[in-house]
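Quick note: numbers below take in every heavy atom, side chains included, and nothing from hydrogens, waters or symmetry partners. Small disclaimer: the values here were computed from a predicted structure and weren't measured.
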Amino acid sequence: MNFTNIFVPIWSPLISIALLLGLYSLGKIITKILQVKNIISKVSNPDYQYAMIGSIFLSSFLFPLVIFNNLDIRLLIKLISYSLVFLALIEILNFYVSGKIHSKQFKFNNINLFLFLFLISYFFLSLAPITNADSLDYHVGIPLYIINNNEYPGYKFWMHFTKSGSGELLNTVGLFIRAEQFPSLVQFSGILSISGLLKQNKAKYHNLYLLLFLSCPVLILLVSSAKPQLNFIGSSALIFALIFFSNEKNFQKNGFLLFILILLFSNINGKFSFALSSFLFLNVIFYYCYRNNKTYYLAFIFFVVFFLTLGPKIIWKNNIYGMSIIDALIKPLPTEIYGYQQLYSSLTSCGYSGCIPTWLLFPNSLNTITETLGIGSLIILFSKFKKNLKENLIIVFILLYILLAFFYGQNNPRWFVESFVWLLIISKYFGYKKEKYIKIFYNITKVQSLGVFFMILFGVFSLTKGVITDDLRDKVLSNSANGYSLFKWSNSKLKNDDILISTHRSFALSNVKTIPGDLFNYIDISNPASKDHFVEIKSLKPTHILFYDDKKYYKKLSNCLGNLLYFNEEAGKFSTRNPFNRRNKFYEGYIYEFNYEDLPECAVKKIN
């Protein structure tokens, strides 16, 4: 399977929607078994939460079963995929029989209609072909590797792979049955989840908090990608609301504690960045359990859930990277291995978005227009505080998270979406200070909302049409997917049994077996410390290497190269989803023979 044949017109979006409905049904079953539906209903309509809950629990179930390669992974993924489709059919049948829709649910005023259209627009945007650069790297590359090789990868040289988690296994479930849109629909489930938590009908400016969330520009980037993040943010937001704004007596219920802990540890497995919030949540949970005499049960269920969710990943990290138990638990990357410290530095640097707080309200330029949180970042200034113990605990919790994230986390707006949503939730419950100020802020929010809404519509009309036919998909990818034209050219030149090293990050677009060259960004190729990486690459027997544009890394690898087999002056095009970044300019493509037998000596300098 490859990215070219993974899409089937009409089928792919329809089966993707069916899988999402299957997750909804699974989430409903889970909440019934754990008896938490009524608890969730105190902070949100449970219908908004089911798909997100299904995605989190399924990813948590799959992860320990897949990573050790002890099972037939293709068979497991097939069973999961078909089971979700079956659940979707049952849900449709139940929906038809019960006639659940009632006209009173659709009494819209102007602003409610706008919010409805906002959500529908995000839904259609999530149906667009995958064009995001990160997605075409490891978020899609890992699922394709699993499907094609029937194993979970474990290469030290594949550095971006270490940024992945259980979310990529959900992507695998979709891509296995050619549901290309499923990964982004899972992210849409996160938007639904958070919308349910912010939705209210009584306060005068009750739509403000939902508007601030839906008009957060960074959502456009996240919902239209295969990057597993929004569903985990939705999980974090639900945990936050349940802990701080539901009845404290819930901590006396075993099903509630089990539900919360599974969500917490699953978030860490999904993306290590959630380890910080999960650690803070655990401290608050311990506090409330202590107050309700549930400390011993919490300790018991903590170790059981920890062992079943995080335990396998810790063992896997020890097996693959040689990390100690402590390091595997607290470190996101195996920084003792050459190159990973450089990767860590790049992740925690300010990057092209700039440093906080430059991207809080507005982007640095139109080129980074979807890399900002928007004016919702100011909502805390208008919130009313009673200064009681509970509210003080919540404020300290959020401030502590922001402070720790600032010093130890990634300095980009995506990292802070989680705390941004928390601020919106507490503002909903705390209320606002003075009406005259909140009215002005509300009107400004409407202006931002209109701007973001039209940005989403632009994305829908320019990208989502690619799900209708193969030709439209080809045009969308040519204009919007970085590297698509380059790999379309290389795919036309290489044979099925060729093995390619790609120096372009969007290697998932390649139709032949492709080795990602992301490690070249973080190592000095000639440094003897890189020898182990090249020994691993040698074992895969690459026959060709792809360079593009300025032939970056060519000189460092020149001793490993054979003849120049193919060259095209206009092999690739500078493509991007952001119209402000597009350049009507092409770049060269080069495919060389690669003499893998000469590794590692042809690349690494000998130690005198």
Side-chain angles (χ1 to χ4, degrees), residues 1-8 11-27 29-30 33 51 53-91 130 138-155 158 161 164-186 226 228 231 262 266 269-270 307-313 315-317 319-320 496-497 508 510-514 540:
M1 182 178 287
N2 55 59
F3 193 78
T4 300
N5 64 23
I6 210 168
F7 172 76
V8 181
W11 165 267
S12 290
L14 287 180
I15 199 65
S16 297
I17 294 171
L19 290 177
L20 182 67
L21 189 56
L23 288 180
Y24 171 90
S25 181
L26 178 62
I29 293 169
I30 290 167
I33 292 173
I53 292 170
S55 74
I56 301 299
F57 273 72
L58 180 57
S59 65
S60 180
F61 169 77
L62 276 174
F63 197 61
L65 294 179
V66 169
I67 60 176
F68 295 111
N69 295 318
N70 292 326
L71 300 174
D72 186 332
I73 297 177
R74 287 198 196 105
L75 178 60
L76 175 64
I77 296 297
K78 179 187 290 188
L79 290 174
I80 296 295
S81 302
Y82 291 169
S83 296
L84 287 178
V85 173
F86 176 75
L87 287 176
L89 293 175
I90 297 297
E91 196 64 37
I130 298 172
Y138 60 99
H139 297 306
V140 172
I142 292 170
L144 288 178
Y145 179 94
I146 293 172
I147 293 169
N148 290 324
N149 296 279
N150 199 27
E151 68 176 18
Y152 192 72
Y155 299 111
W158 190 354
F161 168 68
S164 67
S166 60
E168 278 69 28
L169 297 183
L170 276 182
N171 293 352
T172 307
V173 169
L175 299 183
F176 183 83
I177 56 173
R178 290 175 164 76
E180 181 191 0
Q181 288 70 38
F182 181 62
S184 49
L185 281 174
V186 171
N231 60 324
I262 291 175
S266 298
N269 267 344
F307 178 78
L308 294 177
T309 55
L310 289 186
K313 187 169 187 177
I315 295 171
W316 182 85
K317 281 185 172 182
N319 291 342
I320 301 299
N496 289 336
D497 58 349
S510 179
N511 286 354
V512 303
K513 183 175 181 180
T514 303
L540 298 175

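- Separation of atoms OH (Tyr24) and CD1 (Ile17) is listed at 15.5 Å; rounding is to 0.5 Å.
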Ser12/Gln181 under side-chain contact (heavy atoms from CB on, under 4.5 Å): CA gap, chis, key distance, verdict:
CA-CA 7 Å; Ser12 290; Gln181 288 70 38; 3.4 Å; yes

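- In this structure, CG in Leu310 is found 9.5 Å from NZ in Lys317, a value given to the nearest 0.5 Å.
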Under the criterion side-chain contact (heavy atoms from CB on, under 4.5 Å), I'd like the reasoning laid out for Leu170 against Asn231: C-alpha separation, chi angles, the key distance, then a yes or no.
CA-CA 11 Å; Leu170 276 182; Asn231 60 324; 4.2 Å; yes

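- Residues Phe68 and Pro312 have side chains in contact (heavy-atom distance under 4.5 Å, counting atoms from C-beta outward).
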Before you tell me yes or no, could you show the steps for Ile29 and Ile33 under side-chain contact (heavy atoms from CB on, under 4.5 Å), namely the whole-Å CA-CA distance, both residues' side-chain angles and the distance that decides it to 0.1 Å?
CA-CA 6 Å; Ile29 293 169; Ile33 292 173; 3.8 Å; yes

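- For CG of Asn5, the number of neighbouring non-hydrogen atoms (other residues, nucleotides, ligands) closer than 6.0 Å is greater than 12.
- Between Leu19 atom CG and Ser83 atom OG the span is 10.5 Å, to the nearest 0.5 Å.
- The two residues Gly22 and Leu87 make their nearest non-hydrogen contact at O-CD1, 3.9 Å.
- For an aromatic pair to be called close, the ring centres must be under 6.0 Å apart, and Phe161 with Tyr152 satisfies this.
- Taking every heavy atom of both residues into account, Glu168 and Gly165 meet most closely at OE1-N, 2.8 Å.
- Side-chain contact between Pro153 and Ile146 is present, with at least one heavy-atom pair separated by less than 4.5 Å.
- Heavy atoms only, all atoms of each residue included: Asn69 and Ile73 are closest at OD1-CD1, 3.3 Å.
- Counting heavy atoms from C-beta outward, Asn171 and Pro228 have side chains that approach closer than 4.5 Å.
- Taking CD1 of Ile77 as the start and CG of Leu71 as the end, the distance is 10.5 Å to the nearest 0.5 Å.
- No donor-acceptor pair under 3.5 Å is formed between the side chain of Asn269 and the backbone N or O of Ser60.
- Between Phe182 and the choices Leu175, Thr172, Leu23, the side-chain contact (heavy atoms from CB on, under 4.5 Å) rule is met once, by Leu23.
- In terms of modelled atom types and a separation under 3.5 Å, the side chain of Ser59 and the main chain of Ser55 share a donor-acceptor contact.
- Put simply, NZ on Lys313 and CD1 on Ile67 are 8.0 Å apart, with the number rounded to the nearest 0.5 Å.
- Atom CZ of Phe176 and atom CG of Leu144 lie 12.5 Å apart (nearest 0.5 Å).
- Side-chain contact between Val85 and Ile15 is present, with heavy atoms from C-beta onward closer than 4.5 Å.
- Each of Tyr155, Trp158, Tyr138 was compared with Tyr145 under the side chain to side chain donor-acceptor pair (under 3.5 Å) criterion, and only Tyr155 meets it.
- The shortest non-hydrogen separation linking Ala226 to Val140 is CB-CG2, 4.1 Å.
- Listed here is the closest heavy atom pair of Leu20 and Leu185: CD1-O, 3.7 Å.
- In this structure a side-chain-to-backbone donor-acceptor pair under 3.5 Å is missing from Asn149 to Glu151.
- Of all non-hydrogen atoms in Pro13 and Phe7, the two that sit nearest each other are CD-CE1, 4.4 Å.
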Could you go step by step and tell me if Asn150 and Asp72 meet the side-chain contact (heavy atoms from CB on, under 4.5 Å) rule?
CA-CA 7 Å; Asn150 199 27; Asp72 186 332; 3.4 Å; yes

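- Sparse packing is recorded around CZ of Phe86, with 12 or fewer heavy atoms of other residues, nucleotides or ligands lying under 6.0 Å away.
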